[in-house]
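Have a look at the structure below, then the notes.
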Amino acid sequence: MILSKLAGRPVLLAAGLVAALALPWFVYPPVAMDIACWALFAVAVDLLLGFTGLLSFGHAAFWGGSAYATGLIALHSGLPFPVAILGGAAFAALLAVPIGFLSVRLRGIYFAMVTLAFAQMVYFVANQWRDVTGGENGLQGIPRELFGLDLSDPFYFYYAGLPFILAGLFAAWRIVRSPFGCVLMSIRDNPARARALGYSVDRFKLLAFVLSAALSGLAGGLFAIGHGFASLQGVYWTTSGEAVMMVVLGGIGTLWGGVVGAALIVELNDYLATAGFQETGIITGGIFILVVLLFRRGVWGTARDLLAARTARRRPAEPAREKAGTPA
Amino acid sequence: MLQQAFNGLVGGAFYALLALGLAVIFGMLGVVNFAHGAFYMLGAFGSYVLLDSFGVNFWIALPLVPLVLGVTGVAVERLFIRRLAPLDPLYNFLFTFGLALILQDLVKRQYGVQSQPYPRPSALNGSIDLGLFTYPAYQVFVLAVSLVVCGAVWFVLARTRVGMIVRASTERPELTRALGIDVARWVTPVFGFGIALAGFAGVLAAPMRAVNPLMGADLIVTVFAVVVIGGLGSVFGSVAAGFAVGLVSALGNYYVPSLSQTLVFILMAAVLLWRPAGLFGREEATL
């Protein structure tokens with residue numbers, strides 16, 4: 001038992017790494033890139049939802065905002081794409097400071113609605129500021145430049161982009177397992193007690209919000225480079241909702257769940273699109289509702305709990321807690 | 001200028017009706033109904049289908065569609081919302097988000113994304129001379145009707161026994177229960193009523209706005225901003241903020257067209273800085 005526990009984590013990480021490296025051999029490479037980008041986006045959202053207890057319904061502002069910033073840098077500066085992506089992530093983090101400052105004072109549903117409203121503000125700005133953002137046409141023809149290397153083949157671009165995704169995922173993992181992450185979880189579980197212990201709750205929440213936005217921006221920037229365009233769709237509120245859907249489907253507060261949820265939804269959308277089914281909301285919304293109603297721990301959470309129950313059958317089971325943001 | 005203000009009030013009438021429904025639902029159930037915009041869209045589509053396929057006119061659709069949607073709302077509450085109620089309120093928020101996606105894409109699959117035409121009722125086709133300017137009769141009708149409905153809801157909540165029970169169960173559910181009132185019994189009709197209000201706004205919107213599957217999705221975020229400004233759960237605040245937001249965005253559209261759509265959210269940010277619970281909200285209302 002103890003051995004399997006010790007072995008569990010590195011084995012899982014190795015398996016994940018192998019899966020990430022092998023992915024474009026098994027799925028169409030552009031889809032593989034989409035899965036990677038959405039996975040990081042979902043993990044960034046889970047950093048807030050699962051570990052800080054904040055449901056942001058406005059992360060499209062950071063994903064899509066960074067897509068625009070990254071695209072503009074790549075289009076106008078001629079710098080290699082990694083610089084553009086980091087620039088986009090920095091832009092997303094900067095954008096998150098005022099939005100987060102105003103939002104983190106609110107809790108629960110209020111926080112969700114307010115982040116949603118701010119994201120919509122970003123959407124309107126992107127729509128109106130045609131000279132810079134291209135309005136309804138978006139930014140097109142974003143170059144994929146890396147010191148003269150030709151990365152136009154999606155298969156090779158996947159491997160050029162993957163290090164950023166892995167770095168982002170590693171950052172999320174490090175954040176969650178740091179003392180800072182412990183403070184976030186204490187805020188999630190009992191804000192009043194965290195405050196009484198002397199932690200400046202709002203400041204920690206704001207920092208988590210900015211970090212999450214930066215990771216979302218990293219993912220969104222890479223997505224824009226990968227597709228060669230940044231569009232209004234990226235900043236529309238349904239994009240925020242989709243990221244939340246992935247987290248809930250995979251399992252709130254599990255990190256891995258975000259990756260699994262993203263892979264499932266991207267694959268499903270791709271399958272439906274190739275089958276000529278345009279109205280994906282009927283299917284994805286239906287699955288989402290089923291998860292919310294019957295399956296709240298998500299795919300990863302449920303699988304992990306089943307495994308844990310098998311390995312530790314003799315210990316008394318912990319009572320299941322059903323609260324958003326509590327890793328079940 | 002005065003005409004702009006009037007345009008704003010007419011636009012605000014829709015915000016007010018939708019925000020009112022959201023506010024009573026939130027007050028009673030603690031649910032932020034993401035699908036509210038979708039039910040508004042269904043209201044407009046319902047009246048379109050009635051007219052297009054069955055020749056049923058606007059005056060019959062106006063009470064009929066909200067009634068049907070209200071019953072649908074009751075079913076949704078009974079079957080789903082109720083199950084999620086004991087959990088974190090975020091789950092109901094997420095449930096209604098999924099519901100909104102399904103409703104929207106079902107209608108999109110059936111009717112496509114093009115806007116469907118809906119003629120104005122013939123009795124309200126002309127214009128009315130309001131003294132300072134003439135104004136389309138239908139818009140005047142919308143404004144009048146929504147004021148009457150909002151006023152009636154306020155009257156029921158503030159002055160009747162039913163309203164007293166609803167307000168009591170909203171503010172102190174445990175105490176109300178202790179007084180022998182079955183709070184759970186009131187939850188379902190209130191939810192149905194809120195949905196009916198959204199459908200009513202949709203029927204009113206059909207002859208004035210483009211009837212298409214996305215009409216609710218574009219509106220719902222603004223309505224959320226409206227209820228945040230007014231104070232979530234505050235009925236009076238939601239209605240007042242609805243009309244105020246309509247007014248501000250119409251005047252904004254007149255003076256600084258490029259800012260008009262973001263103005264609502266700038267207003268919301270300003271209100272939040274000043275009063276985090278909204279203009280008429282109580283501190284506890286922030287959950």
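Each chain gets a letter, A, B and so on, in the order its sequence line appears, and its residues count up from 1.
To the nearest 0.5 Å, atom CG of residue Asp88(B) and atom CD1 of residue Ile109(A) are 7.5 Å apart. Atom-to-atom distance recorded for Ile99(A):CD1 and Leu94(A):CG is 11.5 Å, nearest 0.5 angstrom.
Neither the backbone nor the side chain of Phe111(A) comes within contact range of chain B; no heavy atoms are under 4.5 Å apart. Neither the backbone nor the side chain of Leu79(B) comes within less than 4.5 Å of any heavy atom in chain A. For Leu99(B), the parts lying under 4.5 angstrom from a heavy atom of chain A are both the backbone and the side chain. Heavy atoms of Leu84(B) lying under 4.5 Å from chain A belong exclusively to its side chain. Residue contact with chain A, scored on non-hydrogen atoms closer than 4.5 Å, is absent for Leu263(B). Neither the backbone nor the side chain of Val122(A) comes within contact range of chain B; no heavy atoms are under 4.5 Å apart. Residue contact with chain B, scored on non-hydrogen atoms closer than 4.5 Å, involves the side chain of Phe101(A) exclusively. Heavy-atom distances place the side chain of Val244(A), and not its backbone, under 4.5 Å from chain B.
A centroid separation of less than 6.0 Å is found between the aromatic rings of Phe62(A) and Phe209(A). A ring-centre distance under 6.0 Å is not found for Phe39(B) and His36(B). Between Tyr68(A) and Trp129(A), the ring centre distance reaches or exceeds 6.0 Å.
A perpendicular orientation is assigned to the rings of Phe288(A) and Phe97(B), their planes being inclined by more than 60° (bins at 30° and 60°).
Here side-chain hydrogen bond (donor to acceptor under 3.5 Å, both in side chains) pairs that include residues 213-228 of chain B, with residues two or more places apart or in two chains, are Tyr236(A)-Asp218(B). Residue pairs meeting the side-chain hydrogen bond (donor to acceptor under 3.5 Å, both in side chains) criterion with at least one member in residues 278-289 of chain A, sequence neighbours excluded: Glu279(A)-Arg109(B).
Identified by a heavy-atom distance below 4.5 Å to chain B, the contributing residues of residues 112-120 of chain A are Ala112(A), Met113(A), Val114(A), Leu116(A), Ala117(A), Phe118(A), Gln120(A), in residue-number order.
Under the ring pair (Phe, Tyr, Trp, His ring centres under 6.0 Å) criterion, Phe95(B) pairs with Phe80(B), not counting sequence neighbours.
Across every non-hydrogen atom of Gly100(A) and Leu206(A), the tightest pair is C-CD1, 3.4 Å.
Of the residues considered (Ala100(B), Pro213(B), Ala225(B), Ala217(B)), Ala217(B) shows the highest number of contacts with chain A, using heavy-atom pairs under 4.5 Å.
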